[in-house]
Amino acid sequence: MAGVFSNQIVTVAGRTLIASATATNQIVFVKALSATTVPADPSQTSGYDGIQGTIASSSATNNVARVVTSYNNAPTTATQPVKAIALMGKLASQSDAEAVIFAYCTDSGSEIYFPANNAPEQITRFAYNIAFEGDAPLEVTEAGAASLSDLDRFVSLHVAGDPTRGED
């Protein structure tokens with residue numbers, strides 16, 4: 001039998017958040033989603049029809065970020081199958097409405113169940129361990145700015161900001 005949620009993906013939107021984050025505009029995780037079937041596009045919120053979860057904790061050590069999400073019992077007297085879960089995040093400067101799916105986990109070959117609301121109260125937690133590994137440092141430059149490698153290739157015949165004066 002396959003392991004639960006064998007497909008674990010950081011979305012393009014999640015990678016964009018990582019690239020856009022700064023020390024003063026950090027990533028904030030806002031909520032978790034669940035789906036009763038594997039969504040056609042797991043990176044879009046429209047496919048998540050299950051209960052919403054909360055962020056139980058979030059921390060980072062060295063190159064690993066760990067975010068733990070928490071789900072309570074289903075809101076009905078029926079159990080809820082879970083085939084996919086997702087973690088939503090945003091930049092601190094953005095509103096919660098601007099949150100995107102940062103990462104998701106799916107598996108069409110297995111599932112778990114959130115218990116019904118008439119079952120004993122239960123909390124189901126999922127941990128997202130996001131490791132940033134690579135052989136070379138990642139350089140991120142915001143729009144409208146030049147990186148050092150850009151400046152190495154830059155040739156100008158004018159003083160910056162004055163196209164009428166030459167540069168020595």
Side-chain angles (χ1 to χ4, degrees), residues 1-138 140 142:
M1 181 174 149
V4 176
F5 304 130
S6 61
N7 302 311
Q8 303 165 0
I9 306 292
V10 174
T11 65
V12 171
R15 291 187 299 249
T16 300
L17 277 180
I18 293 168
S20 302
T22 64
T24 57
N25 196 16
Q26 299 175 357
I27 297 173
V28 176
F29 297 106
V30 294
K31 65 181 173 182
L33 304 175
S34 69
T36 58
T37 60
V38 175
D41 184 354
S43 65
Q44 299 298 316
T45 57
S46 59
Y48 293 87
D49 58 351
I51 66 171
Q52 284 190 12
T54 59
I55 306 303
S57 68
S58 127
S59 63
T61 304
N62 297 326
N63 66 331
V64 178
R66 180 177 173 85
V67 181
V68 178
T69 59
S70 176
Y71 297 85
N72 293 321
N73 291 30
T76 64
T77 57
T79 60
Q80 179 199 307
V82 182
K83 301 290 265 178
I85 55 172
L87 173 64
M88 295 196 65
K90 67 178 184 80
L91 293 175
S93 63
Q94 297 175 317
S95 71
D96 284 0
E98 295 175 272
V100 296
I101 293 182
F102 180 88
Y104 65 84
C105 303
T106 65
D107 196 335
S108 59
S110 64
E111 65 191 9
I112 65 163
Y113 290 87
F114 290 142
N117 66 0
N118 57 359
E121 188 174 329
Q122 174 180 313
I123 296 174
T124 306
R125 291 186 177 94
F126 297 101
Y128 293 80
N129 292 315
I130 303 158
F132 299 94
E133 296 181 20
D135 296 335
L138 175 66
V140 179
E142 64 185 70

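Since we're looking at a predicted model, the values are computed, not measured.
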Taking only residues two or more places apart in sequence or in another chain, which ones pass side chain to side chain contact (heavy atoms under 4.5 Å, CB included) with [X]?
X	answer
Gln26	none
Thr77	Asn117, Asn118
Ala99	Val30, Met88, Lys90
Asn7	Thr106

Under 3.5 Å, which donor-acceptor pairs link side chains of residues 56-66 to any protein atom two or more places apart or in another chain?
| residue | atom | partner | partner atom | Å |
| --- | --- | --- | --- | --- |
| Asn63 | ND2 | Phe132 | O | 2.9 |
| Arg66 | NH1 | Asn129 | OD1 | 2.9 |

Listed partners of [X] passing side-chain hydrogen bond (donor to acceptor under 3.5 Å, both in side chains), at least two apart:
X	answer
Ser93	Asn25
Thr11	none
Asn72	none

TODO: Sort and list the pairs that fulfil side-chain hydrogen bond (donor to acceptor under 3.5 Å, both in side chains) and have at least one residue in residues 96-105, not counting sequence neighbours.
DONE: Ser95-Glu98
Task: Pairs touching residues 79-89 that satisfy side-chain hydrogen bond (donor to acceptor under 3.5 Å, both in side chains), sequence neighbours left out - done: Ser34-Gln80
Open item on the list: Show every salt bridge (Lys or Arg N to Asp or Glu O under 4.0 Å) that has at least one partner inside residues 5-31, sequence neighbours left out.
Closed with: none
TODO: List for me each residue that meets ring-ring contact (aromatic ring centres under 6.0 Å, His included) alongside Phe29, sequence neighbours excluded, and say none if there are none.
DONE: Phe102
